[in-house]
Amino acid sequence: MTDTSADLVILGGGSGGYACAFRAAELGLSVVLIEKDKLGGTCLHRGCIPTKALLHAAEVADSTRDADQFGVRATLEGIDIDGVNKYKDTIVSGLHKGLQGLAKAHKVQLIEGAGTLVDANTVEVDGTRYTGKNVVLATGSYSKSLPGLELGGRVIASEQALNLDYVPNKVVVLGGGVIGVEFASVWASFGAEVTIVEALPHLVPNEDEFASKRLERAFRKRGIKFKTGVKFTGATQNDDGVSVSLENGETYDADLLLVAVGRGPNTAGHGFEQVGINVERGFVRTDERLRTNVPGVFAVGDIVPGLQLAHRGFQQGIFIAEEIAGQNPQPIDEAGIPRVTYCHPEVASVGLTEAAAKEQYGSVETFTYDLAGNGKSQILKTQGAVKLVRATDGPVVGLHMVGDRVGELIGEAQLIYNWEALPEDVAPLVHAHPTQTEALGEAHLALAGKPLHVHG
């Protein structure tokens with residue numbers, strides 16, 4: 001018999017939901033975890049993991065194509081998309097099996113089916129009600145479109161893009177945010193002609209303008225076209241392709257239109273508002289401790305306003321479990337959550353942009369260290385830079401990086417921000433040579449008033 005009561009009932013088994021379930025189980029709570037699809041959610045099956053597998057395949061293609069730069073004779077014969085998809089799917093399948101094993105090891109009761117919140121303590125699945133002393137809403141997000149633009153046929157979202165069985169010749173990507181530039185990067189590496197359309201003035205518009213401009217420069221060199229500051233007005237498709245219209249009168253013909261205009265909160269149809277949960281514009285409103293307005297009900301991940309990142313949801317899930325268990329954890333600083341865009345070159349950041357820092361602190365200092373002065377970056381033949389933003393005479397409040405593999409530097413960067421380090425605190429730390437982490441060290445040396453590998 002299935003026990004239908006527990007200390008904690010969680011609706012949604014993505015990054016936030018399963019992290020909450022596992023941590024709560026470790027703390028001695030009984031847990032029911034409800035998931036209508038597969039444990040791991042969007043991130044594992046339709047988001048972070050499969051897209052990064054495609055991006056690595058794209059990197060291998062670029063390395064092969066450019067092998068002569070390194071004195072290696074190699075020829076890129078083409079892209080075996082079936083082989084790429086097999087590689088991608090094998091990784092996803094292995095991680096999914098691992099998650100299932102962890103759920104079993106934690107003795108989490110996993111219920112398959114679509115759940116509906118029927119009161120503050122109860123979720124119903126296929127006629128069975130599961131009651132918890134606390135309930136966590138973790139229903140994730142979906143790919144958005146624009147009014148009047150229906151997905152279907154040659155107009156696709158990221159979920160369909162992940163499972164294409166061919167490489168398109170020409171693609172228009174609607175949206176120059178993280179998802180848009182990552183897919184643009186993949187397809188360009190695979191040999192497609194790509195044009196990005198972004199209504200805001202820059203690509204990756206949520207990043208510091210320094211990072212946006214560096215990425216735009218790199219994309220131009222790669223032959224990736226983009227139109228910024230112009231709005232999409234419509235698309236028509238037939239058996240041969242899709243025609244995309246912009247407000248400036250320009251039209252673009254392509255094999256596919258990828259709609260990458262962001263993700264919406266998956267809150268409709270789950271009974272939230274009927275139970276009295278405060279939902280605004282589709283998002284569940286919470287306080288800093290992730291409590292909804294209904295006592296005993298928490299919310300986590302993409303349905304809570306803020307960065308829609310798997311690792312944000314993951315950490316929030318841990319926070320909620322510890323909160324329910326009475327451990328009084330420290331609230332999560334949203335600005336302290338690292339952000340990485342895994343295109344070529346990568347963009348990584350944590351903390352405040354220069355503009356946001358000026359707004360918050362009034363006076364700031366910045367320093368930009370070009371990767372041209374970093375030995376390992378030159379070995380990798382990548383261009384880019386590290387930009388630091390500090391409150392004048394205060395801590396480093398923003399770190400922004402562009403270049404291949406800079407996502408691997410974000411670990412140290414987020415420690416610097418979250419520990420409110422001064423440049424003088426970081427400058428004495430020894431960074432191994434030759435590594436790209438030296439770029440962080442050099443930037444902090446310069447901001448601390450003792451520049452070495454930089455021109456005055």
Side-chain angles (χ1 to χ4, degrees), residues 12-19 21-22 33 35-67 74-106 108 110 112 140-143 156-168 171 173 178-192 194 256 258 260 263 301-302 308-311 313-314 317 340-344 346 404-405 407-408 410-411:
S15 301
Y18 84 70
F22 293 178
L33 179 60
E35 170 56 50
K36 68 178 181 180
D37 191 8
K38 293 179 180 178
L39 188 63
T42 294
C43 172
L44 175 54
H45 299 283
R46 300 174 298 280
C48 322
I49 297 299
T51 54
K52 278 49 179 183
L54 290 184
L55 282 154
H56 183 65
E59 181 184 348
V60 173
D62 287 331
S63 296
T64 306
R65 189 183 288 114
D66 300 332
T75 304
L76 180 64
E77 295 181 4
I79 304 298
D80 173 11
I81 198 65
D82 290 337
V84 170
N85 284 331
K86 182 180 178 182
Y87 154 69
K88 163 180 65 71
D89 295 342
T90 299
I91 293 167
V92 172
S93 177
L95 290 171
H96 181 222
K97 287 177 182 175
L99 265 185
Q100 290 174 310
L102 284 170
K104 191 173 182 179
H106 282 96
V108 169
L110 188 58
E112 293 183 8
S141 60
Y142 65 92
S143 292
I156 64 174
S158 59
E159 290 87 350
Q160 292 78 46
L162 281 169
N163 295 306
L164 288 179
D165 57 3
Y166 66 98
V167 177
V171 188
V173 177
V178 173
I179 296 171
V181 299
E182 287 188 350
F183 274 102
S185 187
V186 167
W187 280 324
S189 296
F190 284 176
V194 183
L256 292 172
L258 172 66
R263 297 187 63 82
D302 287 359
Q308 291 180 313
L309 298 170
H311 46 281
F314 185 87
V340 185
T341 304
Y342 294 88
C343 51
H344 166 48
E346 291 181 351
D404 288 341
R405 304 192 187 182
E408 302 302 324
I410 202 65

Interatomic distance, NZ@Lys88 vs OG@Ser93, rounded to 0.5 Å, equals 11.5 Å
Heavy-atom nearest pair, Tyr342 first then Leu55, reads O-CD2, 3.1 Å
Okay, side chain of Ser189, backbone of Ser185: is any donor-acceptor separation there less than 3.5 Å?
yes
Between Leu44 and Ile49 the two heavy atoms that sit nearest each other are O-CB, 3.8 Å
Taken to the nearest 0.5 Å, the spacing of Glu59 CD from Thr64 OG1 works out to 10.0 Å
query: Given the rule in the side chain to side chain contact (heavy atoms under 4.5 Å, CB included) test, do Phe190 and Ile81 qualify, once you have shown the distances and angles that lead to the verdict?
result: CA-CA 9 Å; Phe190 284 176; Ile81 198 65; 4.3 Å; yes
Does Gln100 have more than 12 heavy atoms from other residues, nucleotides or ligands lying within 6.0 Å of its CD? yes
Item to complete: Give the C-alpha distance, both sets of side-chain angles, the deciding distance and a yes or no for side chain to side chain contact (heavy atoms under 4.5 Å, CB included) between Arg46 and Val92.
Response: CA-CA 9 Å; Arg46 300 174 298 280; Val92 172; over 6 Å; no
What verdict does the side chain to side chain contact (heavy atoms under 4.5 Å, CB included) test give for Asn163 and Asn85, after you've listed the backbone C-alpha separation in whole Å, the side-chain angles of each residue and the deciding distance to 0.1 Å?
CA-CA 7 Å; Asn163 295 306; Asn85 284 331; 5.6 Å; no
Closest non-hydrogen atoms of Gly40 and Leu99, given as atom of the first, atom of the second and distance, are CA-CD1, 3.6 Å
In short, Ala310 meets Cys43 closest at the heavy-atom pair CB-SG, 3.6 Å
Tightest non-hydrogen contact, residues Pro50 and Gly47, listed as CD-O, 3.3 Å
Within a reach of under 6.0 Å around CZ of Phe22, are more than 12 heavy atoms found that belong to other residues, nucleotides or ligands?
yes
ask   = Once the angle between the rings of His56 and Tyr87 is folded into 0 to 90°, is it parallel (under 30°), tilted (30 to 60°) or perpendicular (over 60°)?
value = tilted
Worksheet item: Considering only heavy atoms from C-beta outward, does the side chain of Ser158 approach that of Arg263 to under 4.5 Å?
Response: yes
Taken to the nearest 0.5 Å, the spacing of Tyr18 OH from Leu33 CG works out to 11.0 Å
Taking every heavy atom of Asp302 against every heavy atom of Gly140, the minimum-distance pair comes out as CB-C, 4.0 Å
Open item on the list: Check whether His344 reaches the backbone of Val186 with its side chain - one donor and one acceptor, N or O, closer than 3.5 Å.
Closed with: no
So, does Asp82 use its side chain to make a donor-acceptor pair with the main chain of Asp165 at under 3.5 Å? no
Rounded to the nearest 0.5 Å, the CD atom of Glu112 sits from the NZ atom of Lys36 at a distance of 13.5 Å
- How about Trp187 and Leu258: do any of their side-chain heavy atoms sit closer than 4.5 Å? yes
CZ (Phe183) and CG (Leu54) are apart, to the nearest 0.5 Å, by 6.5 Å
Original post:
Is the side chain of Glu182 donor-acceptor paired with the backbone N or O of Ile179 at a distance under 3.5 Å, no angle test?
Top reply: no
Output for pair (Leu95 CG, Cys48 SG), nearest 0.5 Å, gives 11.0 Å
Are the side chains of Ile91 and Lys52 in contact, using a 4.5 Å heavy-atom criterion? no
